[in-house]
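What follows is a short report on a single structure.
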Amino acid sequence: MEGVQPLDGNEGNAPGLRFPMNKLLLAVSVIQGLGLALCLTYVCLHFQASQVPPQYPPIQSIRAQFTKCDNEKGFIITSPSQDATMKLQDNSVLIRCDGFYLVSLKGYFSQELSLSLHYRKGREPLFSLSKVKYVSSIAVVYLAFKDKIYLNVTTHNTSCEDIQVNGGELILIHQNPGGFCA
């Protein structure tokens, strides 16, 4: 047995043990690289998402005026603002979105009258004022798709056309966007 050398503690340098150590280092490096790639992807996507503004529909609102009274139609409602998101049709404001609305009604009249603000035929009015020369009312009410906001006026001892209105305005602002909207 002259050709066999005794083992003297240098087992780490043996070629058979070096191969599994290289595999382990390679596996750890691949896992670290994948982790770094995932972190960079997450950061990039998060940064890009914060750059895009959220896409909410515009808040439904209108500021309408009523300045003259017609014997057949009552107060004529007009909207001088072009940026109103709600529309007028047949002397009423159309409701396109379900939800709560802030409703403000203001005006000064030359003579006493009775005034009511309706949202559906056959239902109780939102506001009902009797024998007043001015109105300044605010309420939050629930309105639904296809409701129509309109004014009903009753004059006492005079024609509706003889009544002068100063500062007559009707404001509606949708308070909780995101519900059903047509």
Side-chain angles (χ1 to χ4, degrees), residues 1-66 77-106 117-127 135-151 167-182:
M1 288 222 223
E2 288 181 30
V4 177
Q5 297 286 332
L7 296 173
D8 60 354
N10 290 332
E11 297 93 12
N13 293 334
L17 294 177
R18 194 176 286 173
F19 183 70
M21 186 68 145
N22 286 342
K23 272 188 172 179
L24 183 60
L25 288 174
L26 180 64
V28 168
S29 296
V30 168
I31 290 171
Q32 283 180 338
L34 288 173
L36 181 62
L38 283 172
C39 284
L40 287 174
T41 303
Y42 176 77
V43 168
C44 289
L45 289 175
H46 183 69
F47 180 73
Q48 181 184 12
S50 66
Q51 298 296 323
V52 177
Q55 298 295 323
Y56 295 113
I59 293 178
Q60 298 288 302
S61 65
I62 191 168
R63 182 178 180 190
Q65 295 178 340
F66 54 97
I77 300 174
T78 60
S79 178
S81 177
Q82 297 297 333
D83 59 343
T85 54
M86 298 174 77
K87 303 296 180 212
L88 293 174
Q89 182 182 4
D90 297 328
N91 210 31
S92 60
V93 179
L94 299 177
I95 303 299
R96 298 185 326 167
C97 300
D98 291 352
F100 290 98
Y101 286 81
L102 176 72
V103 179
S104 172
L105 182 64
K106 296 179 183 179
L117 183 69
H118 295 266
Y119 68 104
R120 285 186 200 150
K121 291 189 187 236
R123 297 283 182 134
E124 290 292 318
L126 299 173
F127 300 115
V135 61
S136 181
S137 300
I138 296 176
V140 174
V141 297
Y142 186 85
L143 300 172
F145 173 63
K146 291 191 176 181
D147 282 345
K148 291 182 180 183
I149 303 295
Y150 61 95
L151 287 168
E169 90 178 346
L170 171 64
I171 299 173
L172 279 92
I173 303 172
H174 193 203
Q175 298 298 303
N176 56 339
F180 175 76
C181 232

**Request:** Tell me, with the steps shown, if Leu102 and Ile171 meet side chain to side chain contact (heavy atoms under 4.5 Å, CB included).
**Result:** CA-CA 8 Å; Leu102 176 72; Ile171 299 173; 6.0 Å; no
**Request:** Rounded to the nearest 0.5 Å, what's the gap from CD on Gln89 to CG on Leu94? Could you check?
**Result:** 4.5 Å
**Ile62 CD1 to Ile77 CD1 distance, which is reported to the nearest 0.5 Å** = 8.5 Å
**Message:** For a quick test of reading the model, state the closest non-hydrogen atom pair linking Phe66 to Lys106 and the distance between them.
**Reply:** CZ-O, 3.5 Å
**Message:** Working to the nearest 0.5 angstrom, can you tell me the gap between Ile149 CD1 and Asn91 CG?
**Reply:** 13.0 Å
**Asked** How long is the gap from CD1 on Ile31 to CG on Leu36, to the nearest 0.5 Å?
**Response** 14.0 Å
**Request:** Please report the closest heavy-atom contact between Ser79 and Leu88, naming both atoms and the distance.
**Result:** N-CD1, 3.4 Å
**Request:** Of all the heavy-atom pairs spanning Gly99 and Asn176, show the shortest one and how long it is.
**Result:** CA-OD1, 3.4 Å
**Message:** Does any part of the side chain of Thr85, heavy atoms only, come nearer than 4.5 Å to the side chain of Ile59, both counted from C-beta?
**Reply:** no
**Request:** Kindly say whether Arg63 contributes a backbone atom to a donor-acceptor pair with the side chain of Gln65 at under 3.5 angstrom?
**Result:** no
**Prompt:** Which heavy atom of Tyr119 sits nearest a heavy atom of Glu124, and at what distance?
**Reply:** CE2-O, 3.5 Å
**Complete:** Residues pairing under side chain to side chain donor-acceptor pair (under 3.5 Å) where one sits in residues 136-148, two or more places apart or in two chains, turn out to be Arg120-Asp147
**Item:** Test side chain to side chain contact (heavy atoms under 4.5 Å, CB included) applied to Leu126 and Leu105, step by step
**Value:** CA-CA 10 Å; Leu126 299 173; Leu105 182 64; over 6 Å; no
**Asked** If you look at every heavy atom in Cys97 and Gln60, which pair is closest and at what distance?
**Response** SG-CG, 3.6 Å
**Fill in**
Heavy atoms of Arg96 and Phe145 approach each other most closely as O-CD1, 3.4 Å
**Rounded distance [0.5 Å steps], CG in Leu170 versus OH in Tyr150** = 13.5 Å
**Asked** After noting the C-alpha distance and the side-chain angles of Ile95 and Tyr101, does the key distance pass the side chain to side chain contact (heavy atoms under 4.5 Å, CB included) rule?
**Response** CA-CA 10 Å; Ile95 303 299; Tyr101 286 81; 3.6 Å; yes
**Message:** Set out, in order, the CA-CA distance, both residues' side-chain angles and the distance that settles side chain to side chain contact (heavy atoms under 4.5 Å, CB included) for His118 and Arg123, then state yes or no.
**Reply:** CA-CA 8 Å; His118 295 266; Arg123 297 283 182 134; over 6 Å; no
